[in-house]
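Right, one structure below, let's go through it.
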Number of protein chains: 2
Amino acid sequence: MLSLVGIDGWALDQLKAVSPQLRLVLRSRIIRNDLPPMSRLSEPELAKEYGVSRQPVREAFITLMNEGLVEVRPQRGTYVKRIDYEAVLNGRFVREAVEADIVRKLAKRGDSALVKDLRSQIAQQKNVPEDAPEEFMAQDERFHQTLANAAGFCKAWDYLGGIKAQMDRVRFITFEEFPISKLIEQHEAIVDFIEQKAVPQAEAAIRAHLREILNSLPRMQELYPNYFENLRDIPNED
Amino acid sequence: MLSLVGIDGWALDQLKAVSPQLRLVLRSRIIRNDLPPMSRLSEPELAKEYGVSRQPVREAFITLMNEGLVEVRPQRGTYVKRIDYEAVLNGRFVREAVEADIVRKLAKRGDSALVKDLRSQIAQQKNVPEDAPEEFMAQDERFHQTLANAAGFCKAWDYLGGIKAQMDRVRFITFEEFPISKLIEQHEAIVDFIEQKAVPQAEAAIRAHLREILNSLPRMQELYPNYFENLRDIPNED
DNA sequence: GAGCGTTGACTTGTATGGAAGTATGTAAGT
DNA sequence: ACTTACATACTTCCATACAAGTCAACGCTC
């Protein structure tokens, strides 16, 4: 109970409760592919690593299981869940539906202060170096969250958090072939249409933007077949 | 460890793990308003009631907290969460967006087998006695789940589960003034438009259907103000 | 050598005790 | 009468011990 510093350098605050912190640490490590699919997550091992007892680790596992990030098989072991192709497609569909309605609302309104904010964010996105995909993803997250907030649905964004986690795992594994500049162009198009109050075009733009992951997903399944749950091919969602 | 039968008659299967079962039992009791908002949930008390130790109860609490159904305040106590007006509105918005896209897909297709299935479900809905709202809600759940399934997004429906829980709490409290026949008519309209492949009309019908709760929500806030989290009035979501 | 049963070292699930923090009621002091 | 300090009975959180299931390796039997 001395260290409280994991092998990856994450330090736990002794004052706050342990299990929520562990949850965040492990969640981040899984999403960033620091703990790849099918990694074994031993309760006592992690407990020793972070200098705590098994119970907080176990409680973190429970939450991660509810988020679909780990799979605990009783009396057998706990493992990082493989990526469920169908779940990613379903989650992407949900995101597209929700964000399409959000953008429609915003385009009807055409709030100029919002447009200004989004434009400044896009400028920052362009300054992100090519080899720092993690930073771009944080910016991207902020962009989409700003959209939800402006429409008055910040809690709706929270609902999408679990869905986004699954998609982000995919993006972190294949970020080499991640068309950052293309994504930024799409962001610009969305903002332009919002400013022009061009509702159908804005909706089409956000939908196209969120379909982008469909391009990398099949290729990723070829490159890393072991990372996926069900390999029965699901050509597309229509 | 003899009884394993709660005060409400729910029996726990000794063979399966305890905490997931407890989770389901408590979840159901909360949604059905058997455990109203702000009820105190004592760890040792529930443990004694169901004849298990405190740990499984605690683990059930963690999941319920993640679902937004209970609120655990450290060293203070665990309570059934009050209904968050804004969260319900946000959840409703998400559901509308997703189900609108689902129905659009189905209307484009116009699957006659699906239409037949839905019609038979509607016939069953009409047979539900007026004083059995719980049974109607089960039928309603099945109806909407069938839509999601037919569109190939059964996992998307799972994502909406947590959202639906919050909405169902509202419906269970105010089911007296629950316009069952009106809801059935709306179901019929949706199916009709799907059959006719009338895409925009079908979308409008499902959106109107899911807006229905907005009628009962403000009245409910008047009747049961103590059941709500933030009483700052949020007139509507637009 | 092949097949089978057993043992033992794992795993997670549950029970229980103690540590730290919070609310409450009581008694002393003003 | 009112405030303040303290003792006590709670609460959740964490640590530890035990129970029960799984799996692999070993040794025995055939």
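Worth saying up front: this structure is predicted, and the values here are computed from it rather than measured. Order of the sequence lines fixes the chain letters, A, B, ..., with proteins taken first and strands second; residue numbering starts at 1 for each chain.
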Salt bridge B:Glu99-B:Arg211, side-chain N to carboxylate O under 4.0 Å: no
Any donor-acceptor N or O pair under 3.5 Å, side chains A:Arg82, A:Tyr227: no
d(CZ, B:Arg73; P, D:dC13) in whole Å: 12 Å
B:Gln75, nearest nucleotide to its side chain (from C:dA23, C:dG21, D:dT22): C:dG21
Toward the 5' end of DNA chain C, by each residue's nearest nucleotide, A:Val72 or B:Pro74: A:Val72
For the student: nearest non-hydrogen atoms of A:Leu89 and B:Phe153, plus distance: O-CE2, 4.4 Å
Verdict with reasoning, B:Arg29 to B:Glu49, per salt bridge (charged side-chain N to carboxylate O under 4.0 Å, His left out): CA-CA 14 Å; B:Arg29 290 181 64 180; B:Glu49 183 175 324; 3.6 Å; yes
Residues from residues 53-63 of chain B lying under 4.0 Å of DNA chain D - heavy atoms: B:Arg54, B:Gln55, B:Arg58
Length of the line joining A:Lys48:NZ and C:dT11:P, which is rounded to integer Å: 10 Å
First of A:Arg76 and B:Arg40 reached from the 5' end of DNA chain D, by closest nucleotide: B:Arg40
Nearest-Å distance for atom pair CD/C1', residues B:Glu45 and D:dT12: 15 Å
Rounded interatomic separation in angstrom, taking OH from B:Tyr79 and P from D:dC10: 14 Å
Salt bridge (charged side-chain N to carboxylate O under 4.0 Å, His left out) evaluation trace for B:Asp168 with B:Arg171: CA-CA 5 Å; B:Asp168 283 348; B:Arg171 308 216 290 187; 3.8 Å; yes
Rounded interatomic separation in angstrom, taking CD from A:Glu71 and P from C:dT11: 17 Å
Minimum-distance nucleotide (side-chain atoms of B:Ser19 versus D:dT12, C:dT14, C:dT11): C:dT14
Whole angstrom value for the distance that separates C1' of D:dC18 from CD of A:Glu43: 15 Å
Residue pair B:Arg207, A:Asp101: steps toward the salt bridge (charged side-chain N to carboxylate O under 4.0 Å, His left out) verdict: CA-CA 12 Å; B:Arg207 286 188 186 269; A:Asp101 269 18; 2.8 Å; yes
